[in-house]
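Input: a single structure, listed below in structure tokens.
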Amino acid sequence: MSPDGKPDGRLDGRNVLVLTTNYGTEQVELEKPIAVLREAGARVTVAAQKDEPVHTLVSDRRPGSEVAPDTTLATATADGFDAVVVPGGTVNADRLRTDDEALRLVSAFADAGKPVAAVCHGPWLLVDSGLARDRELTSYPSLRADLENAGGTWVDREVVVDTSGRHPLITSRRPDDIDAFAAAIVDALHGGGNGG
């Protein structure tokens, strides 16, 4: 709260879970949302497939930084979290979409009415979890047919926030859109989403 007793826009008390594999996540799509959310006061927990460093990539080719996970996908739950974030990276997203624990987690957030956010190739997880159906969303352009075949309406915008379903859905296209993506997640958490 600000000195005059009004909300100061911080996300203190908000908890966000980030889902990732241990190799191939696009560096900026993992690190930037985490940094923005933490700067806004949220507590961010990174859940990876294994309790080992996450080896990121830059543009799917060059080695990026290592990020230490806080927990594993198998032990994480949606309980106590206010939103889930799925970064891209072709290798990461392709592995996440077939990971039973990642599918369980993203579905649990959706079922609880909590915001689900995915960027770049991350929306592949929305295809395999059935969360793209009847939603307006975006992604890396090469996923357009996959998302449309899964029943979604694909649009070419830097960020799409669809609140028409049981949970807010936030999607973006590529690393260049990451600032708008992170800001939309912050906005959704300010609004409390549907699952607070």
Revision key, fill the gap. Residue set satisfying side chain to side chain donor-acceptor pair (under 3.5 Å) with S59, at least two apart, ordered chain then number -> none
Practice item. Please determine if R173 and D156 form a salt bridge, counting it only when a charged side-chain N lies under 4.0 Å from a carboxylate O. Key: yes
Study note, to complete from the structure: By salt bridge (charged side-chain N to carboxylate O under 4.0 Å, His left out), R133 pairs with (sequence neighbours left out) none
Check your understanding: Pick from V119, V160, I178: which one makes a side chain to side chain contact (heavy atoms under 4.5 Å, CB included) with S172?
Key -> V119
Check your understanding: Got more than 12 heavy atoms from elsewhere within 6.0 Å of CD, E39?
Key -> no
Practice item. Identify the heavy atoms of S139 and W154 that sit nearest to each other, and give their distance. Key: OG-NE1, 2.9 Å
Check your understanding: Looking only at heavy atoms, what is the nearest atom pair of H167 and A110, with distance?
Key -> CD2-CB, 3.4 Å
**Study point:** Close side-chain approach of R135 to T153, heavy-atom, < 4.5 Å
**Key:** no
**Study point:** Gap between atom CD of E29 and atom OG1 of T20 - 0.5 Å precision
**Key:** 10.5 Å
Check your understanding: Quick one: does R95's side chain get under 4.5 Å of V91's, heavy atoms only?
Key -> yes
**Study point:** Any residue meeting side chain to side chain donor-acceptor pair (under 3.5 Å) with S164, in chain and number order, not counting sequence neighbours
**Key:** D162
Review point. Quick one: do L73 and Y23 end up in the same hydrophobic cluster if we chain Ile, Leu, Val, Met, Phe, Trp and Tyr together by side-chain heavy atoms under 4.5 Å apart?
Key: no
**Study point:** D111: partners by salt bridge (charged side-chain N to carboxylate O under 4.0 Å, His left out), with sequence neighbours left out
**Key:** R166
Point to revise | Between T25 and N92, a side-chain donor and acceptor under 3.5 Å | key: yes
Check your understanding: Do the side chains of D177 and V159 get nearer than 4.5 Å, heavy atoms only?
Key -> no
Review point. Which heavy atom in N22 sits nearest to a heavy atom in E52, and how many Å separate them?
Key: ND2-O, 2.8 Å
Practice item. Using the test salt bridge (charged side-chain N to carboxylate O under 4.0 Å, His left out), find all partners of E136 that sit at least two apart in sequence or belong to another chain. Key: R157
Check your understanding: Regarding D51 and T72, is there a side-chain donor-to-acceptor distance under 3.5 Å anywhere?
Key -> no
Review point. Cluster question for you: counting only ILVMFWY and a side-chain heavy-atom cut-off of under 4.5 Å, with indirect links fine, are L96 and L57 together?
Key: no
**Study point:** Heavy-atom pair with the smallest gap, counting every atom of A132 and L147
**Key:** CB-CD2, 4.0 Å
Check your understanding: Who pairs with R174 by side chain to side chain donor-acceptor pair (under 3.5 Å), at least two apart in sequence or on another chain?
Key -> none
Practice item. Give the minimum heavy-atom separation between V116 and V106, together with the two atoms involved. Key: CG1-CG2, 3.6 Å
Exercise for review: Mind checking side-chain contact (heavy atoms from CB on, under 4.5 Å) for A183 and listing every partner two or more places apart, or none if nothing turns up?
Suggested key: none
Check your understanding: Residues in side chain to side chain donor-acceptor pair (under 3.5 Å) with D179, at least two apart?
Key -> K32
Review point. Should D146 and W124 be marked as a side-chain hydrogen bond (donor to acceptor under 3.5 Å, both in side chains) after you check the CA-CA gap, both sets of side-chain angles, and the distance that decides it?
Key: CA-CA 8 Å; D146 293 338; W124 262 336; 2.8 Å; yes
Check your understanding: Which pairs, with at least one residue in residues 51-73 and sequence neighbours excluded, count as a ring-ring contact (aromatic ring centres under 6.0 Å, His included)?
Key -> none
Review point. Does L19 reach the side chain of V84, with side-chain heavy atoms less than 4.5 Å apart?
Key: yes
Practice item. Quick one: list whatever passes ring pair (Phe, Tyr, Trp, His ring centres under 6.0 Å) with Y140, sequence neighbours left out. Key: H121
Review point. Can you name the residues that form a salt bridge (charged side-chain N to carboxylate O under 4.0 Å, His left out) with D99, not counting sequence neighbours?
Key: none
**Study point:** same_hphob_cluster(V67, V28) at 4.5 Å side-chain heavy-atom cutoff
**Key:** yes
Practice item. Examine the side chains of E31 and S65 and answer whether a donor and an acceptor come within less than 3.5 Å of each other. Key: yes
Point to revise | Counterpart residues, side-chain contact (heavy atoms from CB on, under 4.5 Å), relative to T45 (two or more places apart) | key: L17, R43, D70, T71, F81
